[in-house]
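Everything numeric in this text was worked out from a predicted model, so none of it was measured. Computation of the quantities below employed the complete heavy-atom set of this structure, encompassing side-chain atoms and omitting hydrogens, waters and symmetry-equivalent molecules. In what follows, residues are counted from 1 in the order of the sequence shown. When a ligand or atom number is given, it counts from 1 through the structure's own listing order.
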Amino acid sequence: MCGIVGYVGTREAEAILVDGLKRLEYRGYDSAGVAIEGPHGIEVVCRMGKVASLEETLSALDVEGTCGIGHTRWATHGKPSEANAHPPPSCGNEIALVHNGIVENFAELRDELEACGHVFRSQTDSEVIAHLVEDAYLQLAERAAERDALSDAQGHRRPHDEAARRAEGEPSILLQAVHAATSRLVGSFGLAVVCESEPGLIVATRKDSPLVVGMASDGAHMASDVIAMIDHTRDVCIMEDGVFAELSKDGIMFFEPAGDGLRTASPRHTHIDWDADLTEKGGYPDFMLKEIHEQPRVIRDTLAGRLVGDELTIDELSLTREELNLIDRVYIIACGTSYHAGLIAKNLIETWAQIPTEVEVASEFRYRNPIITPTTLVVAVSQSGETADTIAAIRDARIKGARVFGITNVVGSTVARESVGVIYTKANKEIAVASTKSFLGQVVSLTLLSMLLAQSKGKLTTGQIRLLFSELADTAEQVEAILADASSVEEAALACRDAKSALFVGRGMGAAVANEGALKLKEISYLHAEAYPAGEMKHGPIALIEDGFPVIAIATNSPTYEKVLSNLQECKARGALVVAVASEGDAEIRRHADHVIYVPAVRDAFSAITASVPLQLLARSIAILRGCDVDQPRNLAKSVTVE
Ligand code: AGP
């Protein structure tokens with residue numbers, strides 16, 4: 001996934017674009033580039049690496065101009081390099097564009113364009129869009145010139161008047177060219193395009209990749225994510241697929257396809273009421289630690305107002321108690337950490353509501369043939385709400401007749417808009433690539449859903465609901481206690497820092513948590529880690545155990561605690577370095593583990609909340625000891641908006 005920004009107005013564009021790109025670096029940071037309309041045409045500057053490298057180059061060049069676009073890249077086609085950085089080149093260099101997404105039919109388009117004489121200079125799929133726009137622009141401009149010549153000859157030539165064009169709601173030639181070019185694309189795109197022949201204009205459009213535009217006092221702004229423009233304006237339009245925006249210093253015009261042409265459109269605007277400081281570290285050394293420490297608030301905010309009297313209220317689901325009661329199968333579809341939240345929910349739904357629940361990796365679900373009936377509940381879980389695999393799986397499930405409900409952290413995201421009901425996790429903006437607070441928000445939201453299903457089925461009494469809700473609310477304070485003293489985590493991290501690989505093991509809820517612990521460690525410390533149900537060790541993985549091999553166990557109080565203990569004894573007997581997450585008051589575990597990280601004792605159903613937090617801290621500490629960037633790990637992006 002990449003990040004794109006654009007600005008046109010009364011101020012110099014360079015600083016605005018660079019600041020916006022820095023806010024979007026969580027989306028990708030292989031390379032960055034800008035195109036700024038200057039006195040001598042469009043100036044394109046690209047650099048490998050993070051935005052800071054581009055900023056340094058720009059400050060030396062002193063690029064002038066009040067209209068420009070920018071891009072920070074997570075490579076899909078073409079390795080990270082300056083040549084593959086955006087804006088990609090076109091033949092005449094008159095068009096510049098930035099693209100977030102993937103052009104699935106780029107190979108055939110490239111062949112077609114090369115056959116027409118276009119010369120490609122990058123390995124990216126995005127470059128085909130630049131050449132397509134260039135082609136369409138030249139054709140449309142020629143046609144317009146012919147029309148003007150004819151009007152001249154007939155004596156009623158109207159001087160080209162940009163103000164008149166805009167007043168009449170006529171799309172610019174550039175917008176028409178972008179419309180023509182994007183109609184050839186298969187895949188996804190968030191696009192911003194500028195053109196030397198039409199200075200002071202940015203054309204933006206999207207399909208399956210997020211794009212936000214908004215007017216501020218200093219001009220028009222656009223970005224892949226509102227976080228990049230929130231300092232300039234809070235009144236924005238979260239663009240829908242197929243809508244085109246034409247930004248100028250005087251305003252933003254919107255168009256939508258009408259037959260073969262385009263007509264003006266009036267899309268809905270949204271007011272963003274976030275606190276601006278959400279995008280700052282707030283005194284923490286990194287966003288990941290800040291967000292880990294926000295988790296008690298996330299728990300409280302996600303639970304706020306959810307129990308009214310004795311009634312659990314999740315009105316967003318827009319399902320009656322009768323409809324909930326008829327549900328006889330649940331599918332939870334997600335990716336990565338969100339998938340692990342689903343594994344936790346499976347335990348809860350099947351235990352409390354006794355409804356068969358399957359948790360599916362979205363990229364698999366969509367190619368399977370799941371059994372979906374009108375009484376099947378499909379829940380899509382996605383922090384960003386823009387994960388391509390999850391969106392594709394949602395669309396597939398809906399084609400198969402399912403009613404899909406979303407659990408997401410981003411208001412107005414694609415998952416939110418394509419679900420019949422949505423629960424927001426109230427985690428606020430999550431900047432670090434590794435999901436932490438949004439994960440806990442998902443777990444709490446899914447716990448509420450599990451309780452609601454059980455209550456609707458008459459499997460949990462009002463008194464039981466009240467008790468469970470109260471204990472669930474207590475986890476906020478329990479997480480605060482864990483965060484207050486992380487010394488045992490630091491000791492365990494030191495012991496694991498030079499390992500080459502690690503095993504995470506647990507049973508039941510602990511097995512689900514083990515999956516999340518392994519992902520956290522590998523994605524930010526690059527230390528290979530995998531999770532196994534503890535009972536599986538004897539069926540192969542125990543062969544990995546040798547002196548000092550780290551086995552990280554979730555050994556909190558549970559019906560299978562004794563079994564986990566015997567698994568740890570088998571590992572210990574073979575020289576493993578055992579790190580155990582255990583319940584306060586458990587003295588026995590000390591005989592079987594080299595390091596014990598105690599967490600407050602809670603019922604097994606809520607142990608995923610308390611056990612996940614030390615594993616987040618452990619992953620972060622090991623990553624820091626290994627010199628890794630915990631907020632922007634290599635090769636990753638915050639949301640994978642390409643398949
Ligand atoms: C988790 O730390 C990763 N950031 C990644 O696995 C993420 O959970 C996954 O890509 C799904 O993203 P989503 O929740 O935005 O759909």
Quiz item: Of the backbone atoms (N, CA, C, O) and the side-chain heavy atoms from C-beta on, which set of E386 has a member under 4.0 Å from an atom of ligand 1: side chain, backbone, both, or neither?
Solution: neither
Considering only protein heavy atoms, which is closest to [atom], and at what distance to one decimal place?
atom                    : result
atom 11 (C) of ligand 1 : C335 O, 3.4 Å
atom 13 (P) of ligand 1 : T387 OG1, 3.3 Å
atom 10 (O) of ligand 1 : V640 CG2, 4.2 Å
atom 4 (N) of ligand 1  : V433 O, 2.7 Å
atom 5 (C) of ligand 1  : T337 N, 4.3 Å

Practice problem: Give, for atom OG1 of T414 and atom CD of E386, the distance between the pair rounded to the nearest 0.5 Å. | Solution: 3.5 Å
Quiz item: Any idea how W352 and F606 line up, ring-wise: parallel (<30°), tilted (30 to 60°), or perpendicular (>60°)?
Solution: perpendicular
Quiz item: Centre of F189's six-membered ring, under 6.0 Å away, within 45 degrees of the axis: is that where NZ or CZ of R206 sits?
Solution: no
Under a 4.0 angstrom heavy-atom cut-off, which atoms of ligand 1 come close to [X]?
X    : value
S338 : 8 (O), 13 (P), 14 (O)
A434 : 2 (O)
Q383 : 13 (P), 14 (O), 15 (O), 16 (O)

Quiz item: Taking everything shown except E104 itself, do over 12 heavy atoms lie less than 6.0 Å from its CD?
Solution: yes
Quiz prompt | Identified side-chain hydrogen bond (donor to acceptor under 3.5 Å, both in side chains) counterpart of K437 within the set Q383, E291, E294 | solution = E294
Quiz prompt | Atom of A514, atom of G506 and distance for their closest heavy-atom approach | solution = CB-N, 4.2 Å
Practice problem: Can you figure out which of H340, E516, E523 has its heavy atom closest to atom 2 (O) of ligand 1? | Solution: E523
Practice problem: For this output row, return yes or no: ring centroids of Y331 and F365 closer than 6.0 angstrom. | Solution: yes
Quiz prompt | Heavy atom of K520, distance to ligand 1 below 4.0 Å | solution = yes
Self-check item: Under 3.5 Å: donor-acceptor pair, side chain of H528, backbone of Y526
Solution: no
